[in-house]
Trainee: 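My structure is below; once you've seen it, I'll send some questions.
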Amino acid sequence: MVGNLNFLLREMTHLRYYIPIVKEGNKRGLKSKFRIIPSNKYNCPVMFPEFLQKIALENNIEITDEHPKDFEGVYFCNENSGIEWTKKVKDSGKCKIVVSTYQTDFTICYQDYANLADYIIMPSKNIAEFYELGNKKNLYVGIPKYDIDLNKQHIEHKYGLDSNKKKVLIVWPKSRDLHKFPIDIISNFDDLGWQVLVKARGKDPISTKTQEYLLQNNNKWFYDGWFPHTSQELLEVSDLVVNSGSTIIEECVMHEVPVINFDIKPEVRHGRKQKYRVTHSYLYDYDFCLNLKGLDSSFSTSNLRAMIGFLFQSDLKSSFKQCKKEWLYDHKNSCKNLLDVLIS
């Protein structure tokens with residue numbers, strides 16, 4: 001008997017990894033418990049009690065005050081978030097400890113939890129080896145957040161989107177990099193008759209001026225929604241993504257949405273030179289992506305039209321398939337594979 005599926009929740013963005021596992025557990029008659037610990041970030045769970053109650057009711061989740069050291073069964077945490085609590089779980093010896101990696105945070109904090117974990121959910125073996133993080137504890141079962149069914153028509157209705165227009169999802173840069181981002185490309189897409197969807201994070205907000213401009217042209221902007229996650233919903237309805245080095249490139253590949261990327265990330269961040277200036281750099285080296293440094297002052301709508309035409313002239317379906325085979329995976333049963341391992 002595996003016992004319960006126990007989850008340490010410190011950030012709402014972790015729900016996209018946890019809820020698909022909960023749903024698979026429900027199919028197997030496994031009880032899920034969430035222990036909420038404040039993180040004091042923009043996505044801190046204590047700021048969203050109504051949403052958590054709703055998601056708990058819908059998925060038969062018990063939100064508990066039980067100390068994690070008293071959990072029995074399987075304990076899930078996300079990278080090194082709440083690591084002091086995870087150490088207490090390790091000391092108790094009552095749970096298998098499973099670390100869910102988050103985007104590419106493992107490139108900077110893998111060693112923080114490698115000794116604590118029984119299992120570490122890595123995106124793929126090739127990615128682990130690329131970052132020199134091969135480990136017998138790694139599980140290569142896929143990424144739980146992609147075990148989700150999304151309906152394009154439902155999402156368009158939910159957000160009041162124009163179903164008759166092509167849509168571009170612009171992933172808003174970090175405030176640090178905004179001065180290097182060619183923001184005028186929004187008006188170029190307007191000229192082409194596309195609907196522009198801008199996705200930002202609470203810690204890197206869109207200016208009031210930009211919000212007003214978007215509204216004037218029947219465009220939309222979004223901040224994080226938690227489950228289904230807004231980024232994945234918007235990818236489901238988008239024909240193209242404009243990115244600037246965000247790790248959303250992984251989600252673009254898995255949802256098979258082509259990308260125009262502006263490579264503007266600085267090498268020195270957080271006061272130090274980064275070993276990997278752009279993580280998931282290998283995902284940009286396929287026909288579904290145009291990787292640019294920027295746009296010159298003469299860039300026009302006709303240039304954008306030509307750029308889009310060039311991007312879509314290739315067989316992008318086969319390009320996405322090749323990328324998934326070489327770096328990620330191509331299935332939708334990650335959670336089944338995961339629980340098959342954990343309860344065997």
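Counting begins at 1 with the first residue of the sequence.
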Trainee: Take H280 and Y282 through the ring-ring contact (aromatic ring centres under 6.0 Å, His included) test and state the conclusion after the steps.
Mentor: CA-CA 5 Å; H280 279 334; Y282 35 80; 5.5 Å; yes
Trainee: I would like to know whether I19 and I61 meet side-chain contact (heavy atoms from CB on, under 4.5 Å); could you show each step before the answer?
Mentor: CA-CA 9 Å; I19 297 298; I61 298 166; 3.8 Å; yes
Trainee: Do Y329 and N337 have side-chain N/O donor and acceptor atoms under 3.5 Å apart?
Mentor: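 Y329 vs N337: no donor-acceptor pair found between side chains.
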Trainee: Drop me the distance from L192's CG to S302's OG, to the nearest 0.5 angstrom.
Mentor: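 If I round to the nearest 0.5 Å, the distance is 9.5 Å.
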Trainee: Which atom names give the shortest non-hydrogen contact between T64 and K33, and what distance separates them?
Mentor: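 Looks like CG2-CB, 4.1 Å.
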Trainee: Looking at OH of Y17 and CG of L15, how far apart are the two atoms once the value is rounded to the nearest 0.5 Å?
Mentor: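 Those atoms lie 12.0 Å apart.
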Trainee: Please check if the number of heavy atoms outside N115 that lie under 6.0 Å from its CG is greater than 12.
Mentor: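 No, not enclosed.
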Trainee: Donor-acceptor pair, distance only, cut-off 3.5 Å: does the side chain of E79 make one with the backbone of Y102?
Mentor: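 Yes: the side chain of E79 pairs with the backbone of Y102.
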Trainee: Using every non-hydrogen atom in the two residues, find where S231 and E251 come nearest and quote the distance to one decimal.
Mentor: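 That would be CB-OE1, 4.1 Å.
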Trainee: Answer whether the closest heavy-atom distance between the side chains of I148 and F227 falls below 4.5 Å.
Mentor: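 Counting from C-beta outward, I148 and F227 do come under 4.5 Å.
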Trainee: Determine, stepwise, if the pair T86 / V99 fulfils side-chain contact (heavy atoms from CB on, under 4.5 Å).
Mentor: CA-CA 10 Å; T86 302; V99 175; 5.8 Å; no
Trainee: Does the side chain of N219 come under 3.5 Å of the side chain of D190 through a donor N or O and an acceptor N or O?
Mentor: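 A pair is found: one side chain offers a donor N or O, the other an acceptor, under 3.5 Å apart.
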Trainee: Does K41, at its NZ atom, have more than 12 non-hydrogen atoms belonging to other residues, nucleotides or ligands within less than 6.0 Å?
Mentor: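 No, NZ of K41 has 12 or fewer neighbouring heavy atoms, counting only those of other groups under 6.0 Å.
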Trainee: State the CG-OG1 distance between L215 and T210, to the nearest 0.5 angstrom.
Mentor: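 L215 CG to T210 OG1: 11.0 Å, rounded to 0.5 Å.
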Trainee: For the side chain of N6 and the backbone of V74, is there at least one donor-acceptor N/O pair under 3.5 Å apart?
Mentor: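 Yes.
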Trainee: Side chain to side chain contact (heavy atoms under 4.5 Å, CB included) with L197: which of V237, V171, I170?
Mentor: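 So the option named by the test is V237.
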Trainee: For K125, look at atom NZ and say whether over 12 heavy atoms of other residues, nucleotides or ligands are found less than 6.0 Å away.
Mentor: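 Open: at most 12 neighbouring heavy atoms sit under 6.0 Å from NZ of K125.
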Trainee: Which value, rounded to the nearest 0.5 Å, describes the distance between I248 atom CD1 and K199 atom NZ?
Mentor: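 The CD1 atom of I248 sits 7.0 Å away from the NZ atom of K199.
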Trainee: Identify each donor-acceptor pair in which a side-chain atom of residues 42-53 lies under 3.5 Å from a protein atom, sequence neighbours left out, and give them as a table.
Mentor:
{"unit_1": "Y42", "atom_1": "OH", "unit_2": "D224", "atom_2": "OD2", "d": "3.4"}
{"unit_1": "N43", "atom_1": "ND2", "unit_2": "E11", "atom_2": "OE1", "d": "3.2"}
{"unit_1": "N43", "atom_1": "ND2", "unit_2": "T13", "atom_2": "OG1", "d": "2.9"}

Trainee: Is the NE2 atom of H67 crowded by more than 12 outside heavy atoms at less than 6.0 Å?
Mentor: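 Yes, enclosed.
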Trainee: Could you check E58 against K54 for salt bridge (charged side-chain N to carboxylate O under 4.0 Å, His left out), going step by step and ending with a plain yes or no?
Mentor: CA-CA 6 Å; E58 291 173 348; K54 176 178 178 291; 2.8 Å; yes
Trainee: Sub-3.5 Å donor-acceptor pair from the side chain of H255 to the main-chain atoms of V257, do we have one?
Mentor: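 Side chain of H255 to backbone of V257: no pair is present.
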Trainee: Can you name the ring-ring contact (aromatic ring centres under 6.0 Å, His included) partners of F222, sequence neighbours left out?
Mentor: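 With sequence neighbours excluded, F222 shows a ring-ring contact (aromatic ring centres under 6.0 Å, His included) to Y159, given in chain and number order.
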Trainee: Would you mind telling me which of L235, I260, V168 makes a side chain to side chain contact (heavy atoms under 4.5 Å, CB included) with V241?
Mentor: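 So the option named by the test is L235.
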Trainee: For the atom pair CZ (R10) and OG (S39), what is the distance rounded to the nearest 0.5 Å?
Mentor: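 One finds 5.5 Å between CZ of R10 and OG of S39.
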Trainee: Are Y110 and N135 close enough that a side-chain donor and a side-chain acceptor fall under 3.5 Å?
Mentor: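 Yes, N135 and Y110 have a side-chain donor paired with an acceptor closer than 3.5 Å.
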Trainee: Of all the heavy-atom pairs spanning G25 and L5, show the shortest one and how long it is.
Mentor: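 Here G25 and L5 meet closest at CA-CD1, 3.9 Å.
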Trainee: Salt bridge check, K167 against D239: does any charged N sit closer than 4.0 Å to a carboxylate O?
Mentor: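 A salt bridge is absent here (no side-chain N lies under 4.0 Å from a carboxylate O).
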Trainee: Can you name the nearest heavy-atom pair linking V253 to F320, along with the distance?
Mentor: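 Heavy atoms only, the tightest pair is O-CD2, 3.8 Å.
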Trainee: Do you know the tightest heavy-atom contact between S238 and L169?
Mentor: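 Residues S238 and L169, closest heavy atoms: OG-CB, 3.4 Å.
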Trainee: A quick test of your reading: do over 12 heavy atoms of other residues, nucleotides or ligands sit less than 6.0 Å from CG of D91?
Mentor: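 Count over threshold, so yes.
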Trainee: Would you compute the distance between atom CG of N291 and atom SG of C289 and round it to the nearest 0.5 angstrom?
Mentor: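 One gets 5.0 Å once the value is rounded to the nearest 0.5 Å.
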Trainee: Donor-acceptor pair, distance only, cut-off 3.5 Å: does the side chain of D147 make one with the backbone of S334?
Mentor: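 Side chain of D147 to backbone of S334, a donor-acceptor pair under 3.5 Å: yes, one is there.
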Trainee: Regarding R28 and D340, does a basic nitrogen lie under 4.0 Å from an acidic carboxylate oxygen?
Mentor: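 Yes, charged N to carboxylate O under 4.0 Å.
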Trainee: H229: which residues meet the ring-ring contact (aromatic ring centres under 6.0 Å, His included) condition with it, sequence neighbours left out?
Mentor: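 Partners of H229 by the ring-ring contact (aromatic ring centres under 6.0 Å, His included) criterion come out as none, since no residue qualifies.
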Trainee: Short question: side chain of E66, backbone of R35 - any donor-acceptor pair under 3.5 Å?
Mentor: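 The answer is no, because no donor-acceptor pair under 3.5 Å joins these two groups.
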Trainee: With a 4.5 Å heavy-atom cut-off, do I249 and N261 have their side chains touching?
Mentor: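 No - every pair of side-chain heavy atoms lies 4.5 Å or more apart.
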Trainee: Apply side-chain hydrogen bond (donor to acceptor under 3.5 Å, both in side chains) to Y131 and T279, showing your working.
Mentor: CA-CA 10 Å; Y131 291 108; T279 53; 5.0 Å; no
Trainee: In this structure, would I55 and L57 fall into the same cluster of hydrophobic residues linked by side-chain contacts under 4.5 Å?
Mentor: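 No.
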Trainee: For S319 and D287, test the side chains for any donor-to-acceptor distance below 3.5 angstrom and give the result as yes or no.
Mentor: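 No, no side-chain donor-acceptor pair sits under 3.5 Å.
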Trainee: Whether the side chain of K152 engages the backbone of E236 through a donor-acceptor N/O pair (distance < 3.5 Å, no angle test) should be reported.
Mentor: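 Not at all, since once roles are kept as given, no pair shorter than 3.5 Å links the two residues.
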Trainee: Determine, stepwise, if the pair F106 / Y113 fulfils side-chain contact (heavy atoms from CB on, under 4.5 Å).
Mentor: CA-CA 10 Å; F106 57 82; Y113 50 77; 3.5 Å; yes
Trainee: Take a 6.0 Å sphere around NZ of K325 and say whether it holds more than 12 heavy atoms from other residues, nucleotides or ligands.
Mentor: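 Check fails, neighbour count at 12 or below.
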Trainee: With heavy-atom distances below 4.5 Å as the criterion, would you say the side chains of V89 and K94 are in contact?
Mentor: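 A side-chain contact is absent here, since even the closest heavy-atom pair is not under 4.5 Å.
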Trainee: Look at the rings of Y286 and F288 and say which category their plane angle falls in: under 30° parallel, 30 to 60° tilted, over 60° perpendicular.
Mentor: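 Correct class here is parallel.
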Trainee: N78 side chain to Y18 main-chain N or O, any donor-acceptor pair under 3.5 Å?
Mentor: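 Flag not set: sc N78 to bb Y18 has no pair under 3.5 Å.
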Trainee: So, are E212 and K209 salt-bridged, with charged N and O less than 4.0 Å apart?
Mentor: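 Judged by the 4.0 Å cut-off on N to carboxylate O distance, E212 and K209 do not form a salt bridge.
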Trainee: Kindly say whether C335 contributes a backbone atom to a donor-acceptor pair with the side chain of E24 at under 3.5 angstrom?
Mentor: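 It does not hold such a pair.
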Trainee: I'd like to know if K317 and E256 make a salt bridge, using a cut-off of under 4.0 Å between side-chain N and carboxylate O.
Mentor: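 Salt bridge: yes.
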Trainee: Between N243 and Y284, is the side-chain contact (heavy atoms from CB on, under 4.5 Å) condition met? List the steps.
Mentor: CA-CA 11 Å; N243 190 27; Y284 295 94; 3.4 Å; yes
Trainee: Tell me whether D263 contacts the main-chain N or O of K293 through its side chain, where contact means a donor paired with an acceptor under 3.5 Å.
Mentor: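 No; judged by distance alone, with no hydrogens or angles, the pair does not exist.
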Trainee: Would you say the side-chain atoms of S187 pair up with the backbone N or O of D184, donor to acceptor, closer than 3.5 Å?
Mentor: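 Confirmed, S187 side chain pairs with D184 backbone.
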Trainee: Would you name the heavy atoms of W327 and L283 that are closest together and state the gap between them?
Mentor: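 Looks like CB-CD2, 3.8 Å.
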Trainee: Passes side-chain hydrogen bond (donor to acceptor under 3.5 Å, both in side chains), N80 versus D105? Steps please.
Mentor: CA-CA 9 Å; N80 62 354; D105 286 3; over 6 Å; no
